[in-house]
Structure formats: C-alpha cells, structure tokens
Amino acid sequence: MGANVLVFTERLLNILPPKGRAKAIMLDEERAAASAVVKAALNDLEAGWQRRDEIEQKLVLARQHDRTGTVSLARMPLDRLRAMLSRSEEEPEVHPLLVKAELEIRERLQPRLDRASDAFQSFAVVGDIAQWLAGAAEAGVRFVDAPEVKLPAKAVPEEVERVRSKIAAIEAAINDTTFAPLPLADVKEAIVREISEIAAKGQPRVCYNDRRSSPLKLGEALGISNSPAGPSTAATLVWAMQEIITERALSLVGDIEPERALTNAQRDALLEQLAAERLEAERNEEAAIMAAHAAGIAIARRREADPRAVLGIKDVSGRWRTRADVGLDDVA
C-alpha cells in the first residue's frame, strides 16, 4: 500500500477503445493520487513518532521524565490526555510537551493515515480490472465503447443506492437460480441413467470358446478369482440387481415435484438473462458514480464491480466469456 505504481500497462490500454482507454487512465491516475496521499500521511505519522521520541529523550536528559516511564500514553484514553493539559500541576504525571506530541499522533496523524488508507483501498477494484483485462488481452478479445448511459433525473447518491439495491436483488436471484432443484422427471431420469451406466460396467462378458473355465467368468467379475482387468464387484452386483436397486433408489425421490424446479436448459437461459440484467444495472451504477464524481461527491466502487461496466466497454469478439457472463461475480 502506498506504492505509486500504475496498473494499466500500455499493452492493456492498447486493447481498449478510445473512451474505455481514457477511463482506465483516469482510474489509474486517481489510484496513484490516493497512493501518494497514503505515502504522505505515513511520512507525517512517522515524523510525529520521531518528534515524540526526541521530546522524550530530551526530557530524560533534563531529568523531567522520572514518572513518565510508568505511564503508557498509547493506551491512555484521549479524554485523560486532554485533561492532563487542562490541569495546572507543579509535578504533572506526564510532561505537557510529551502529551501534546501524543495527542497530535492520536487525534490528527493516525486518523489522517486511516482515512487515506480507506480511500486507497476503495481503488482495489482498479487492480482487479487490470487483472481481468490482462486475461482479455491474452485471449485476443476485441472491445468497443458501450453506448452512453442516460440517468434518470434523481439525486446522485440516492440513485447509486437504488441501483445497488437492484443489483443485490439480481444477485440473490442468480444465487437462487444457481441452486434451483431439477424437475422430478429429470431427477428420476438421472438416477436411472446412473444405475444403468454402473450396471453396464459390471456386466460380465460371455466367452463361448473358453473351455478352461465358465464362459461367463462371473468369478473374475466379482473378484473371487483373479482377473487381468481387476475385479468389478460393486458394478457387477448393480448389474445383477439393477431392477431392485433402481426401484429402491426411485422410492427415495418420491412423487412430489420440487418447488421452483428448473431444467438445465431453463437454468442456463435464466442465468444468462440475469447476468445481462446485472450488467445493465452495473452500467447504470457506474454512470451514477461518475455523475457524483462530476458533482464533487466521492462514491467508492464495489470491489466486485463488472470491469465492462466500470470501463464502459463491450466485447465484440464473440469468443470470450467472462465469469460475470454466467452469473458469477469474481474476477476472471
């Protein structure tokens, strides 16, 4: 943290269309500026520590620090530190100069660094976007600038919250769809298919011209006698009792149709639709964030924001799919 390093290399910028490239450069520069603020705040804090240490050393040399060694200023509540300065005592518990130095660190310098660090962390999404873009560059993806988003006439911060609520609802729907149960008929079909596949593997092979042992070679299949291919005991037992096993397995399923069941085709189609809706919502979210930016209102982007929405681009190569396309919000 605090390193003033640009994350969008020229290689990454070169695959972006004009507006997307300009947006990436802007984000990179804002991140670098936030990094510089962190570095400056850290330098100020370290200077504050040094000033405090120098004061303490001078007090020790002047024999005005006899009692301070028994007091932990770092653990002392701020109101107690302030009270020390307000009291007039001939022999203060801690020298006022040392108290002032500690107050400066606790009230000004450390909070400044904390605020700067939080602001810098809000740019973590920029690094994720660069990583995503590197994958696109490796795959030879072609991008164009997406159409400009027109916002409704609403207050910007409220619009961001409204869109984020919509995104959260879409993500909940994606989660429900991802884990939706199969229809009863599909469940039964899958069970029967699995048992049939196992039974097929365990079915003995009849060898009519084998005169040394049984033509069925059931002993080898069950592992009673040695077999060059090894025993297939479990599969052979499934073959022998396929009808019984199938009947008992289907009885576990019952005849009640699961609620909100989806076939694989229905599930895939719905995930595609929801992913498209989420991308559209995220484009609106980014437009609202940029409108707030223009109005001097800083709104941090979500770490999981879709890179296509943030950069205002769309893929026209037709041969590369991000994980967001199938309803997942982690970086590809």
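These figures come from a predicted structure and were not determined experimentally.
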Pair R52-E56, salt bridge (charged side-chain N to carboxylate O under 4.0 Å, His left out): steps then yes or no = CA-CA 6 Å; R52 181 189 61 188; E56 187 171 11; 5.6 Å; no
Minimum-distance pair of heavy atoms, taken over all atoms of E304 and E282 | O-OE1, 4.2 Å
Quick one: does E277's side chain get under 4.5 Å of L274's, heavy atoms only?
-> yes
Value for CG (D306) from CD1 (I129), rounded to nearest 0.5 Å, stands at 8.5 Å
Could you walk me through whether N14 and R21 pass side-chain contact (heavy atoms from CB on, under 4.5 Å), step by step?
-> CA-CA 8 Å; N14 284 340; R21 178 186 175 97; 3.2 Å; yes
Between atom CG of L133 and atom CG of L13, what is the distance when rounded to the nearest 0.5 Å?
-> 8.0 Å
Taking the side chain as every heavy atom from C-beta outward, state whether D186 and N264 have any atom pair closer than 4.5 Å.
-> no
Between D176 and R260, does at least one N-O distance fall below 4.0 Å, as a salt bridge requires?
-> no
Are E197 and K201 ion-paired here, with the side-chain N under 4.0 Å from a carboxylate O?
-> no
Steps toward side-chain contact (heavy atoms from CB on, under 4.5 Å) verdict (V38, L113) = CA-CA 6 Å; V38 171; L113 177 59; 4.2 Å; yes
For residues K23 and E286, determine if any side-chain heavy atom of one lies less than 4.5 Å from a side-chain heavy atom of the other.
-> yes
Looking at F143 versus W132, is the centre-to-centre ring distance below 6.0 Å?
-> yes
hydrophobic_cluster_shared for V37 and L45, side chain cutoff 4.5 Å | no
Heavy-atom closest pair (F8 atom, A130 atom, distance to 0.1 Å) is CE2-CA, 3.8 Å
If we only count heavy atoms from C-beta on, is the W49 to I105 side-chain gap below 4.5 Å?
-> yes
Is it true that atom CD of E158 has more than 12 heavy atoms of other residues, nucleotides or ligands lying nearer than 6.0 Å?
-> yes
D315 and R142: salt bridge (charged side-chain N to carboxylate O under 4.0 Å, His left out), yes or no, with the steps?
-> CA-CA 6 Å; D315 171 19; R142 292 183 295 109; over 6 Å; no
Do L237 and V192 share a hydrophobic cluster (ILVMFWY, side-chain heavy atoms under 4.5 Å, transitive)?
-> yes
Hey, are the side chains of L311 and L27 touching, using non-hydrogen atoms and a 4.5 Å cut-off?
-> yes
Give a yes or no on whether a salt bridge exists between E285 and R302, defined as a side-chain N under 4.0 angstrom from a carboxylate O.
-> yes
What's the shortest heavy-atom distance between A288 and V156, and which atoms?
-> O-CG1, 3.1 Å
Of all the heavy-atom pairs spanning I299 and P157, show the shortest one and how long it is.
-> CD1-CA, 4.3 Å
Please check if atom CD in E138 has more than 12 non-hydrogen atoms from other residues, nucleotides or ligands closer than 6.0 Å.
-> no
Please tabulate, for the side chains in residues 246-257, all donor-acceptor contacts under 3.5 angstrom to protein atoms that are two or more places apart in sequence or on a different chain.
unit_1	atom_1	unit_2	atom_2	d
T246	OG1	Q242	O	2.7
S251	OG	R248	O	2.5
D255	OD1	K188	NZ	3.1
E257	OE2	L184	N	2.9

Where do M26 and M290 land on the side-chain contact (heavy atoms from CB on, under 4.5 Å) test, with the steps shown first?
-> CA-CA 11 Å; M26 183 202 76; M290 290 302 296; 3.9 Å; yes
Shortest non-hydrogen contact between G20 and I313, atoms and distance = CA-CG2, 4.0 Å
Could you grab the distance from atom CZ of R278 to atom CD1 of I174, nearest 0.5 Å is fine?
-> 4.0 Å
Do you know which two heavy atoms are closest between I195 and I245, and how far apart they sit?
-> CD1-CG2, 3.9 Å
Do the charged groups of R303 and D128 touch, with an N to O distance under 4.0 Å?
-> yes
Interatomic distance, OG@S35 vs CD@E29, rounded to 0.5 Å, equals 13.5 Å
Honestly curious: do V160 and V125 fall in one hydrophobic cluster under the side-chain, below-4.5 Å linking rule?
-> no
Common cluster, V163/I170, ILVMFWY with side-chain heavy-atom separation under 4.5 Å = no
Just wondering, do L81 and D79 contact through their side chains at under 4.5 Å, heavy atoms?
-> no
Mind checking whether R283 and K314 have side chains closer than 4.5 Å, heavy atoms only?
-> yes
Just wondering, do I15 and V141 contact through their side chains at under 4.5 Å, heavy atoms?
-> no
Is it true that E54 and R51 make a salt bridge, defined as a side-chain N closer than 4.0 Å to a carboxylate O?
-> no
Atom CZ of R164 and atom CD of E159: how far apart are they, to the nearest 0.5 Å?
-> 11.5 Å
CZ (R162) and CD1 (I167) are apart, to the nearest 0.5 Å, by 10.0 Å
Partner of L109 under side chain to side chain contact (heavy atoms under 4.5 Å, CB included), picked from D114, D44, L103, is D44
Consider only side-chain N and O atoms of E280 and N284, and report whether a donor and an acceptor are under 3.5 Å apart.
-> no
